[in-house]
Amino acid sequence: MEEVVETQEPALPPLDPSLAPVLLFYCGRGGADPDEEGDVGGARLVYSISKRRLLLAGEVDLLFNDVNWITPQGWMLTLDPATRSTSLRDPFTTPSRTVALPPDTSGLIDSSDETTGVISTPTPADPGCVVLVIHLTNPVLCYCRPGGTRWLRHEYQPELLVTNDHCDRDKIIHAVANHTTGASGRFHTCWSDKVATLEFSPAAPEPTLSATGIVNTTTPPACFCLERTLVESCGELFGVVFWGTALDGNNFEVLRVLVEKLEWSSGAWVKAGELGSNRVFFISEDQFGASLPADEFGFKENCIYFCNNYDKGLYVYDMEQGTTAMHNPGIEIPDSLGPILLMPAA
């Protein structure tokens, strides 16, 4: 696999919009082992993917004083633990662009270590936008609407995604929390041969969860398959599957990348030849998948940028060439330190 080592250039202001999207690294104290080679004393570094530049981001601390959830749409859901006030914040503007949400006066929202967050539309101003917080170990959803008056709690039925008698309920709950994406005002998640849709209708007293059987693709022999990552792009639902060899522990070497598009009419995942007109995907293994217009940010279309847990490398899969290259964000970053992906907010 080709390795491309990038060089540092003079820094721009932290989280300047021109840097987006970025990888955020917590180096040294509070991140990797302080004694590990490459420690930079607890600094927070930002790697601009579009500019291939590594920057020291001291001011980024201001974004993380509260409890935060990072969404695929770039908006950060923020909770002030003292006042229980909540908001959506755009980390790429100064001062930060903020959308007020109802306060969580009932204490429904758990910490971001136990939950994930996502919104149903590209921007909070879109009609029908819903902000959703999903529990990692319990079948519990908390949600609100921008302009609403309160957060609500809903308990869903993971049994809707059960595919056989031996299906692990806890794994389904974890998949719902980690592989749910917003698309056209609804939420979708997948497990094995089913896709679940969560809808929030103003006329309904509570959200509804339905499941649709989907024909799956076949895993190649001698390969292990990571869970499918859903990506909403231009109103369509894509699935990105990484096939590879399980090495040990959390290590996973990607051998093949498959991109599929969900054909609702036929009820099947169909191999996709492209990501859509002028699109590029970004995928973080433990965060989400997201789509951006390629030319707007200076990327080549039909490429997938992805990063893995416990690996600082940024990998780029070129669908047209069928090749994968690895970018090294910087020698200052410990090799085993995984990044946080921050997308630009619309």
Heavy-atom side-chain contact between Ile134 and Leu132 under 4.5 Å
yes

So, for Ile173 and Thr137, which heavy atoms are closest and what is the spacing to 0.1 Å?
CG2-C, 3.7 Å

Pair Asn68, Thr78: side-chain N/O donor-acceptor within cut-off below 3.5 Å:
yes

Heavy atoms only: give me the nearest Pro158-Arg169 pair and the separation to one decimal.
CG-NE, 3.6 Å

Of all heavy-atom pairs between Pro339 and Asn308, which one has the smallest distance, and what is that distance?
CD-O, 4.3 Å

Residue pair Leu88, Thr98: steps toward the side-chain contact (heavy atoms from CB on, under 4.5 Å) verdict:
CA-CA 6 Å; Leu88 289 172; Thr98 302; over 6 Å; no

In terms of side-chain geometry, is the basic nitrogen of Arg279 or Glu301 positioned less than 4.0 Å from the acidic oxygen of its partner?
no

So, taking the atom named CG in Leu237 and the one named NZ in Lys261, what distance separates them when rounded to the nearest 0.5 Å?
11.0 Å

Does a sphere of radius 6.0 Å around CD in Glu114 hold more than 12 heavy atoms from other residues, nucleotides or ligands, not counting ones at 6.0 Å or beyond?
yes

Would you say the side chain of Ile49 lies within less than 4.5 Å of the side chain of Leu23, judging by non-hydrogen atoms?
yes

Do Val140 and Val176 belong together in a cluster built from hydrophobic side chains that touch within less than 4.5 Å?
no

Looking only at side chains, do Thr105 and Trp151 share a donor and an acceptor under 3.5 Å apart?
no

Under 3.5 Å, is there a donor-acceptor pair between the side chain of Ser87 and the main chain of Ala100?
no

Under 4.5 Å between side-chain heavy atoms, counting indirect links through other Ile/Leu/Val/Met/Phe/Trp/Tyr residues: same cluster for Met319 and Val240 or not?
yes

With rounding to the nearest 0.5 Å, note down the distance linking OG in Ser106 to CZ in Arg84.
9.5 Å

If every non-hydrogen atom of Lys171 is compared with every non-hydrogen atom of Trp191, which pair is closest and at what distance?
CB-CH2, 3.6 Å

Strictly by modelled atom types, are Asp170 and His174 linked by a side-chain donor-acceptor pair under 3.5 Å?
no

If you apply the rule side-chain contact (heavy atoms from CB on, under 4.5 Å), what do you find for Phe25 with Lys312, and how did you get there?
CA-CA 8 Å; Phe25 293 91; Lys312 72 175 180 180; 4.0 Å; yes

Would you compute the distance between atom CG of Leu161 and atom OH of Tyr156 and round it to the nearest 0.5 angstrom?
8.0 Å

Output yes when a side-chain donor or acceptor of Ser233 lies under 3.5 Å from a complementary backbone atom of Glu236, and no otherwise.
no

The reported gap from CG in Asn302 to CG in Asn278 (rounded to nearest 0.5 angstrom) is 9.0 Å

N/O donor-acceptor pair under 3.5 Å between Gln287 side chain and Leu341 backbone
yes

Backbone N/O of Leu108 and side chain of Asp104: donor-acceptor pair under 3.5 Å
yes

Check whether any side-chain heavy atom of Cys303 lies under 4.5 Å from a side-chain heavy atom of Tyr317, and answer yes or no.
no

With side chains defined as the heavy atoms from C-beta onward, is the minimum distance between Val257 and Trp243 less than 4.5 Å?
no

When the ring centroid of Tyr315 is compared with that of Tyr305, is the distance short of 6.0 Å?
no

Out of curiosity, does Met326 fall in the hydrophobic cluster containing Phe281 (side-chain heavy atoms, cut-off under 4.5 Å, transitive links)?
yes

Do Gln321 and Lys300 have side chains that get closer than 4.5 Å, going by heavy atoms?
yes

Indicate, with yes or no, if Leu136 and Ile109 share a hydrophobic cluster defined by side-chain heavy-atom contacts under 4.5 Å among Ile, Leu, Val, Met, Phe, Trp and Tyr.
no

Please tell me if the side chains of Phe282 and Phe306 come closer than 4.5 Å, counting only heavy atoms from C-beta onward.
no

CA sep, side-chain torsions, deciding dist, call: Leu230, Cys190, side-chain contact (heavy atoms from CB on, under 4.5 Å):
CA-CA 8 Å; Leu230 298 184; Cys190 63; 3.8 Å; yes

Without swapping roles, check the side chain of Thr71 against the backbone of Trp75 for a donor-acceptor pair under 3.5 Å.
yes

Applying a strict under-4.5 Å side-chain criterion to I, L, V, M, F, W and Y, I'd like to know whether Val22 and Phe297 cluster together.
yes

Gap between atom OG of Ser184 and atom CG of Asp126 - 0.5 Å precision
10.5 Å

Using atom types as modelled and distance alone, determine if a side-chain donor or acceptor of Gln73 lies under 3.5 Å from a backbone N or O of Ile119.
yes

Closest non-hydrogen atom pair between Thr212 and Trp264, with its separation
OG1-CZ3, 4.3 Å

Can you tell me if Lys194 uses its side chain to pair, donor with acceptor, with the backbone of Thr189 under 3.5 Å?
no

Parallel, tilted or perpendicular: which one describes the rings of Phe187 and Phe200, with boundaries at 30° and 60°?
perpendicular

If we count only N and O atoms by modelled type, under 3.5 Å, do the side chains of Trp69 and Thr115 hold a donor and an acceptor together?
yes

Check whether any side-chain heavy atom of Phe92 sits under 4.5 Å from a side-chain heavy atom of Pro21, and report yes or no.
no

Would you call Glu260 and Arg228 a salt bridge, taking side-chain N to carboxylate O under 4.0 Å as the test?
yes

Spell out, as yes or no, whether a donor-acceptor pair under 3.5 Å connects the side chain of Asp193 to the backbone of Ile214.
no

Please lay out, stage by stage, how Glu232 and Phe238 fare under the test side-chain contact (heavy atoms from CB on, under 4.5 Å).
CA-CA 6 Å; Glu232 184 277 330; Phe238 289 80; over 6 Å; no

Minimum heavy-atom separation for Cys307 and Gly313, please, with both atom names.
CB-O, 3.8 Å

Could you tell me the separation between the CG atom of Leu45 and the CG atom of Leu55, rounded to the nearest 0.5 Å?
8.5 Å

Less than 4.5 Å apart, any side-chain heavy atom of Leu101 and any of Val131?
yes

Any sub-3.5 Å donor-acceptor pair from Thr83's side-chain atoms to Ser85's backbone N or O?
yes

Look only at the side chain of Ser120 and the backbone of Val130, and say whether a donor-acceptor pair between them is shorter than 3.5 Å.
yes

